[in-house]
Protein chains: 2
Amino acid sequence: MSNVKKLRTISQEDEAKRGAQGVVYVLDDDPGIRSAYYRLFDLDGYLCFPYESAEAFLLRAEDASAHVRGPRCLLCDVSLPGMSGLELQSEILDRQHTMPIIFMSGASSEIEVVRAYKEGGYAFLLKPVDIDELLDTVSTALALSYSRQQEQQESNALHALVTQLTEREKSVVRLVLQGLTNQQIGDQLHIALRTVKVHRQHAMEKLGVNNVVELTRLSEKSPI
Amino acid sequence: MSNVKKLRTISQEDEAKRGAQGVVYVLDDDPGIRSAYYRLFDLDGYLCFPYESAEAFLLRAEDASAHVRGPRCLLCDVSLPGMSGLELQSEILDRQHTMPIIFMSGASSEIEVVRAYKEGGYAFLLKPVDIDELLDTVSTALALSYSRQQEQQESNALHALVTQLTEREKSVVRLVLQGLTNQQIGDQLHIALRTVKVHRQHAMEKLGVNNVVELTRLSEKSPI
DNA sequence: GTCGCAATTGCCCCATGGGGCATCTATAGA
DNA sequence: TCTATAGATGCCCCATGGGGCAATTGCGAC
């Protein structure tokens with residue numbers, strides 16, 4: 001029992017560690033390619049989830065990697081049995097557009113390549129795939145995913161702060177951000193100077209800013 | 001004499017008007033395609049400059065459209081005699097990366113398509129080109145060019161303002177933007193409070209801002 | 001050498017921002 | 001009914017920002 005627990009813990013730690021470096025979903029109907037890519041990314045310290053079809057990916061990927069943090073990207077063959085890679089892309093873009101998609105293809109027409117890019121594909125690798133180019137592309141894709149996640153997190157955090165403001169506080173802050181003085185704000189909202197000061201003070205405390213400069217910067221990142 | 005002058009004036013006005021709507025450089029070695037596209041874009045109110053090769057474009061395009069304002073894009077066949085479209089692209093990106101490039105190709109390999117996108121191509125149209133798709137792509141490309149130009153102009157204008165500041169004034173502004181009080185700034189620069197106020201005042205006047213909010217916003221757009 | 005300009009500073013005054021203390025009202029819950 | 005919370009306000013005090021007036025210094029240009 002303790003052994004099992006220990007093993008599980010280690011495995012989870014390992015997964016968390018690899019996840020922090022990056023998750024690569026691999027989507028190819030060829031089992032040989034899947035296992036080859038799995039080994040490749042595993043060796044490189046990434047966490048790899050291989051799937052044989054778009055349907056399998058949509059069904060199982062979310063659960064399989066739900067507890068893993070970190071940037072992620074999708075490496076996907078264009079021509080798959082069932083739902084094609086391109087169809088999958090538009091499906092994915094609706095949900096989490098934070099994940100770059102790298103397409104691979106051997107005998108693909110130019111039409112597919114154009115469509116993949118037009119619909120927001122991150123890159124297109126033609127088979128035979130050059131390993132260095134592949135690793136390079138995955139690396140930059142994960143970097144992009146990382147920065148998107150960071151932005152997302154920051155945006156969420158700021159939005160959470162803004163939500164804590166009362167309507168009155170938000171009104172005052174908006175006028176502060178128009179460069180008005182407290183007196184002018186009071187006139188506009190038909191409240192006393194002292195009241196404006198109170199709202200302003202409360203808002204600044206809730207938002208965690210110490211001066212107007214910080215307040216302005218915050219407001220540029222998250223509308224108030 | 002007066003007639004000639006009048007004609008020239010009208011022509012220039014016309015060109016300026018069309019230029020404001022957009023300039024489309026067309027690059028194709030087929031004279032038939034050049035004239036067809038010329039008529040097409042001319043009818044749509046754009047100003048069109050056709051060239052038969054990349055070399056001709058590089059040699060003559062700048063002079064030909066030097067006096068024209070407005071957004072611009074390049075519509076370019078991939079396979080050209082002499083310098084290819086892809087080679088031209090890297091040449092152009094070095095100079096003015098404000099112009100989106102739309103590639104066209106009939107019998108092009110996927111490799112070319114991938115390379116065009118990888119190196120920053122805006123779009124890739126496969127022949128036979130759908131006219132609506134073409135006009136649509138040109139339209140969005142010009143919109144992109146326009147917004148880039150706007151950003152560029154704003155950035156230049158702000159930079160011109162910042163250049164007017166003396167070193168001392170810039171130092172003070174930077175510290176203001178760190179949220180320091182005048183007294184703290186004085187301590188850090190080893191100057192008197194009154195001196196800080198003077199520099200601050202001069203800087204705000206030169207930058208045309210009335211309060212710290214505007215100053216902060218300006219500094220986000222152009223580093224000081 | 002004189003002029004203009006940047007930098008510096010002191011004195012002084014007023015406007016504005018920040019905030020403690022206390023009060024009052026209204027409203028949604030416990 | 002009692003309480004917590006948001007909103008509003010007055011009084012008062014201090015810190016800070018803004019800015020007029022005047023003077024000094026140093027440097028490059030004419």
Side-chain angles (χ1 to χ4, degrees), chain A residues 155-224, chain B residues 155-224:
Chain A
S155 171
N156 287 344
L158 292 183
H159 187 260
L161 289 182
V162 172
T163 310
Q164 294 186 343
L165 299 184
T166 67
E167 273 312 310
R168 219 44 170 165
E169 286 162 353
K170 279 189 270 189
S171 302
V172 170
V173 169
R174 283 189 211 107
L175 295 175
V176 169
L177 291 172
Q178 285 177 29
L180 302 187
T181 66
N182 288 343
Q183 187 56 63
Q184 290 171 324
I185 295 171
D187 292 345
Q188 193 147 336
L189 297 179
H190 305 297
I191 52 180
L193 174 62
R194 189 67 187 87
T195 313
V196 176
K197 289 186 181 184
V198 172
H199 287 316
R200 182 173 183 158
Q201 185 188 351
H202 288 164
M204 304 264 286
E205 279 169 7
K206 287 180 180 176
L207 295 177
V209 297
N210 297 309
N211 49 58
V212 186
V213 174
E214 290 178 15
L215 180 65
T216 306
R217 293 218 177 99
L218 186 151
S219 77
E220 300 279 301
K221 291 176 185 166
S222 180
I224 296 177
Chain B
S155 171
N156 287 345
L158 291 184
H159 186 260
L161 289 183
V162 172
T163 310
Q164 294 186 341
L165 299 184
T166 67
E167 273 312 310
R168 219 44 171 168
E169 286 162 353
K170 279 190 271 191
S171 303
V172 169
V173 168
R174 282 190 210 106
L175 295 175
V176 169
L177 292 171
Q178 285 178 27
L180 302 188
T181 66
N182 288 341
Q183 187 56 65
Q184 290 171 322
I185 295 172
D187 292 346
Q188 194 148 335
L189 296 179
H190 304 297
I191 53 179
L193 174 62
R194 190 67 187 87
T195 312
V196 175
K197 289 186 180 183
V198 171
H199 287 316
R200 183 173 182 157
Q201 184 188 352
H202 288 165
M204 305 264 285
E205 280 170 8
K206 287 180 180 176
L207 296 176
V209 296
N210 297 310
N211 50 58
V212 186
V213 174
E214 290 178 15
L215 180 66
T216 307
R217 295 218 177 98
L218 186 150
S219 77
E220 300 279 301
K221 290 177 185 165
S222 179
I224 296 177

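Lettering follows sequence order; numbering is per chain, from 1. As a basis for the values below, the full set of heavy atoms in this structure was taken, side chains included, without hydrogen atoms, waters or symmetry mates.
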- Covered region of DNA chain C, 5' end to 3' end, by chain B [heavy atoms, under 4.0 Å]: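 The protein-touched segment is C:dA6 to C:dC11.
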
Review item, nucleotides 6-9 of chain D N/O atoms under 3.5 Å of protein N/O:
{"residue": "D:dG7", "atom": "OP1", "partner": "A:Thr166", "partner atom": "OG1", "Å": "3.2"}
{"residue": "D:dG7", "atom": "OP2", "partner": "A:Thr166", "partner atom": "OG1", "Å": "2.6"}
{"residue": "D:dA8", "atom": "OP1", "partner": "A:Arg168", "partner atom": "NE", "Å": "2.7"}
{"residue": "D:dA8", "atom": "OP1", "partner": "A:Arg168", "partner atom": "NH2", "Å": "2.7"}
{"residue": "D:dA8", "atom": "OP2", "partner": "A:Arg168", "partner atom": "NE", "Å": "3.1"}
{"residue": "D:dA8", "atom": "OP2", "partner": "A:His199", "partner atom": "NE2", "Å": "2.6"}
{"residue": "D:dT9", "atom": "OP2", "partner": "A:Ala192", "partner atom": "N", "Å": "2.7"}
{"residue": "D:dT9", "atom": "OP2", "partner": "A:Thr195", "partner atom": "OG1", "Å": "3.3"}

Looking at residues at least two apart in the chain, or sitting in another chain, which of them share a side-chain hydrogen bond (donor to acceptor under 3.5 Å, both in side chains) with [X]?
X        : answer
A:Arg168 : none
B:Ser155 : none
B:Ser222 : none

- Message: One pair to check against side-chain contact (heavy atoms from CB on, under 4.5 Å): B:Gln201 and B:Met204. What are the steps and the verdict?
- Response: CA-CA 5 Å; B:Gln201 184 188 352; B:Met204 305 264 285; 5.9 Å; no

- Query: side-chain hydrogen bond (donor to acceptor under 3.5 Å, both in side chains): which pairs involve residues 186-195 of chain A, sequence neighbours left out?
  - Reply: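 Sorted pair list: A:Gln183-A:Asp187.
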
- Compute the bend angle of the helix from C:dG1-D:dC30 to C:dA30-D:dT1 from the end axes (five pairs per end), rounded to 10°.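 That helix gives 30° between its end axes.
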
- Message: Applying salt bridge (charged side-chain N to carboxylate O under 4.0 Å, His left out), can you list everything that pairs with A:Glu220, at least two apart in sequence or on another chain?
- Response: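 Expected list: B:Arg217.
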
- Task: Can you sort out the partners of A:Lys221 under side chain to side chain contact (heavy atoms under 4.5 Å, CB included), two or more places apart, ordered by chain and number?
- Result: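 A:Lys221 satisfies side chain to side chain contact (heavy atoms under 4.5 Å, CB included) with A:Glu154, A:Leu158 only.
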
- side chain to side chain contact (heavy atoms under 4.5 Å, CB included) against A:Gln184, all qualifying residues, sequence neighbours excluded: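 For A:Gln184 the side chain to side chain contact (heavy atoms under 4.5 Å, CB included) partners, ignoring immediate neighbours, are A:Leu180, A:Thr181.
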
- Heavy-atom pair of closest approach, residues A:Ile185 and A:Val172: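 A:Ile185 and A:Val172 have their closest heavy atoms at CD1-O, 4.0 Å.
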
- Task: State, to 0.1 Å, how close B:Ser219 and B:Leu177 come at their nearest heavy-atom pair, and which atoms those are.
- Result: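 Taking B:Ser219 first and B:Leu177 second, the nearest heavy atoms are CB-CD1, 3.3 Å.
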
- Do the side chain of A:Arg174 and the main chain of A:Ile224 share a donor and acceptor less than 3.5 angstrom apart?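 Checking the backbone N and O of A:Ile224 against the side chain of A:Arg174, a donor-acceptor pair under 3.5 Å is found.
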
- Item | Proximity to DNA chain D (any heavy atom under 4.0 Å), residues of residues 211-224 of chain B only |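 Nothing qualifies; none.
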
- Task: Sequence neighbours left out, what pairs pass salt bridge (charged side-chain N to carboxylate O under 4.0 Å, His left out) with at least one residue falling in residues 202-214 of chain B?
- Result: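 For residues 202-214 of chain B, and leaving out neighbouring residues, the salt bridge (charged side-chain N to carboxylate O under 4.0 Å, His left out) pairs sorted by first residue read B:Glu169-B:Lys206.
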
